[in-house]
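Working notes for the structure below.
Lettering follows sequence order; numbering is per chain, from 1.
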Amino acid sequence: MHDLKWIREQPDTFDAAMARRGLAPQSPRLLELDRERRRLHQDLQEMQTRRNEASKEIGQQMKAGEQDAAGRAKQEVADLKRRMGEVEAREQQLQGELDDLLAGLPNALADDVPDGEDDGDNVLVRSWGTPHTPDPAKQHFELGEATGEMDFELAAKLSGSRFVVMKGEVARLHRALGQFMVDLQSNAHGYQEVNPPVLLRDDALYGTGQLPKFGDDLFRTTNGFWLSPTAEVPLTNLMADEIVAEGDLPIRYTALTLCFRAEAGAAGKDTRGMLRQHQFEKCEMVSIAHPDTSWDELERMVGCAEAVLQKLELPYRVVTLCSGDTGAAARKTYDLEVWLPGQGLYREISSCSNTGDYQARRMKARYRPAEGKGTRFVHTLNGSGIAVGRALIAVLENHQQPDGSVRIPEALRPYMGGRETILAGGTPA
RNA sequence: GGAGAGGUGGCCGAGCGGUCGAAGGCGCCGCCCUGCUAAGGCGGUGUGCCCUGAAUUGGGCACCGUGGGUUCGAAUCCCACCCUCUCCGCCA
């Protein structure tokens, strides 16, 4: 959601920002609606003022027994009310139109976001670790299916495509990864652990920007709940309609939750294996930040996500998403891409964004400045810290041994009952 | 799912047709008093929008769960919806 005052004051800047998103100039129509709406609003206010005055007069006249005067005043208010009804209906219509337009517009990109079409134009920031390709370099599903502990056919029986059944050591590894991540983000990085609902109401999805435009990507229950596509939604919406003290910022939350995505636009993409599932686990980080420090907070958050990959000994690189690849709610996004030797590619495993006040405006999340009056919108950030299913893939593929077994990285062993290796000799646990 | 109660300002809690943006208390902020502390005194303390302005200036409008309605006038009356709580049922 954009600030109408900003659009009024700097329509050219605003249109330039929308142009980077591939949109035609929006300000002429918005400002036309805004002008007309405000004109009607002023008329309405004047009529309301007069009505309030007249009603007071009527009260006094009735008390004083001046029936005639009271009758005349009542007539005046009756006329006024008829006109007010018309003006009010028109104003509401314009307001609705304006809200709909504004709600559908993407966030303005940060100045340092590179221009580009798609993920091919993303810009490398740094990389960590040395990608190596074991021989043989099996894909994760080959490793998992070899012992029967990762089973897609079994999952298809229950739920169709884009689901998996994990068993034994693979299931244990998956659980270990999730625990490890949420422990790291909460204990070491200061994010408060939260266990939120993942069945959500319309308002929550609207607040973070999935609605009204991207409902197709989501699952919905028959009684109107949305299945959370990421804990970003419940965690960020904890701040909806709240006003916090300036000194309370930043507020940092983390949660390990299931995520559900319809993957409507991904037909035929990544159909093999666990890379793209309708249901997956993710450790999410959300920061509620002061506007002055939200860019620093973004860098910090990326570091918190990177820490996971470093401790898991997984080579990765950090890229800045280009204009065409940056999500609608974000001002700027860093992706972490982990090396997957089975595919011989870097693949996204975390995405960290600063949305500025875009989501905060939608959900009315504010803080009270220590100095001065009024309230200001907070900035909200979200990042994966990190996707559990994809981390599982990365661990299997990067730490696979020639015999098909997989070495457990040091940091994970406490969560694996001390085990150093799994899938040894193709023997199920 | 059945029966009942209720949704008012940061919190508690009055108000039940006009003078209510809303008593009172708590909390918070400022000042005063008390040679410390506690107690006490005075004042202030919601949000959004519109007009105006150099301004944290002046003025106005709206908001007492949400949306409608009745009325000259609604926090107060009526209707619908949402939510919360209690008991019963079911259940991890």
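- Across the strands present, B:U71 finds no partner; the criterion is a Watson-Crick or G-U wobble pair with both atom distances under 3.5 angstrom.
- The main-chain N or O of A:Ala289 is never found under 3.5 Å from a side-chain atom of A:Ser287 such that the two would form a donor-acceptor pair.
- Rounded to whole Å, the separation between the C1' atoms of B:G21 and B:G15 comes to 13 Å.
- Where A:Asp34 and A:Arg50 meet RNA chain B, the nucleotide closest to each residue was compared, and A:Asp34 sits on the side nearer the 5' end.
- For A:Arg50, the CZ atom is densely surrounded, since the number of other residues' heavy atoms within 6.0 Å is greater than 12.
- For the P atom pair drawn from B:C29 and B:G46, the interatomic distance equals 15 Å after rounding to whole Å.
- In this structure, CD of A:Glu91 is placed 10 Å from C1' of B:A62, rounded to the nearest angstrom.
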Next item on the list: Evaluate the criterion side chain to side chain donor-acceptor pair (under 3.5 Å) for residue pair A:Gln400 and A:Glu142; output intermediate values, then yes/no.
Entry: CA-CA 11 Å; A:Gln400 64 181 294; A:Glu142 299 176 276; over 6 Å; no

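- In terms of phosphate contacts, A:Arg51 brings no side-chain nitrogen or oxygen within less than 4.0 Å of OP1 or OP2 of B:A74.
- Residue contacts shown for A:Arg82 are absent, as no nucleic acid heavy atom lies under 4.0 Å away.
- As judged by a 4.0 angstrom heavy-atom cut-off over every strand, A:Arg72 is placed among residues making no nucleic acid contact.
- In this structure, A:Leu4 places its CG atom 14 Å from C1' of B:G48, rounding to the nearest Å.
- Taking a pair to require two hydrogen-bonding distances under 3.5 Å in either a Watson-Crick or a G-U wobble arrangement, B:C11 pairs with B:G25.
- Distance, A:Asn52 CG to B:G59 P: 17 Å, rounded to whole Å.
- Note: CG (A:Asp203) to C1' (B:U66) measures 11 Å, nearest angstrom.
- Between the C1' atoms of B:G9 and B:U86, the separation comes to 27 Å (whole Å).
- Heavy-atom nearest nucleotides on RNA chain B were determined for A:Arg37 and for A:Arg368, and the one closer to the 5' end corresponds to A:Arg368.
- For B:U47, the OP1/OP2 oxygens have no side-chain nitrogen or oxygen of A:Arg376 closer than 4.0 Å.
- With rounding to whole Å, A:Arg201 atom CZ is found 15 Å from B:C81 atom P.
- Pairing for B:C42 is with B:G30, a Watson-Crick or G-U wobble pair whose two hydrogen-bonding atom distances lie under 3.5 Å.
- The pair A:Lys167-A:Asp151 fails the salt-bridge criterion, with no side-chain N (NZ, NE, NH1 or NH2) lying under 4.0 Å from an Asp/Glu carboxylate O.
- In this structure B:U84 sits in a base pair with B:A5, meeting the Watson-Crick or G-U test at under 3.5 Å.
- We find that NE2 of A:His41 is positioned 10 Å from P of B:C49, with the value rounded to whole Å.
- A salt bridge links A:Arg276 and A:Glu263; the closest N-O separation between the charged side-chain nitrogens and carboxylate oxygens is under 4.0 Å.
- Nearest nucleotide to the A:Lys5 side chain, out of B:A62, B:C50, B:G60: B:C50.
- What separates CD of A:Glu242 from P of B:G46 is a distance of 18 Å, to the nearest Å.
- Look at CD on A:Glu88: it is 13 Å from C1' on B:G69, rounded to the nearest Å.
- At a threshold of 4.0 angstrom between heavy atoms, the contacts of A:Lys81 include nucleobase atoms, whether or not backbone atoms are also involved.
- Within a 6.0 Å sphere centred on CD of A:Glu299, heavy atoms belonging to other residues, nucleotides or ligands number more than 12.
- In this structure, the nucleotide among B:C51, B:G48, B:C72 sitting nearest to the side chain of A:Ser55 is B:C72.
- When distances are taken from the side chain of A:Gln92 to each of B:G68, B:C49, B:C72, the shortest belongs to B:G68.
- Ion pairing between a basic and an acidic side chain is recognised when a charged N comes within 4.0 Å of a carboxylate O; A:Arg83 and A:Glu46 show no such pairing.
- As the counterpart of B:G17, no nucleotide is assigned, since no Watson-Crick or G-U wobble pattern has both distances under 3.5 Å.
- To the nearest whole angstrom, the two P atoms, one in B:A74 and one in B:G1, are 36 Å apart.
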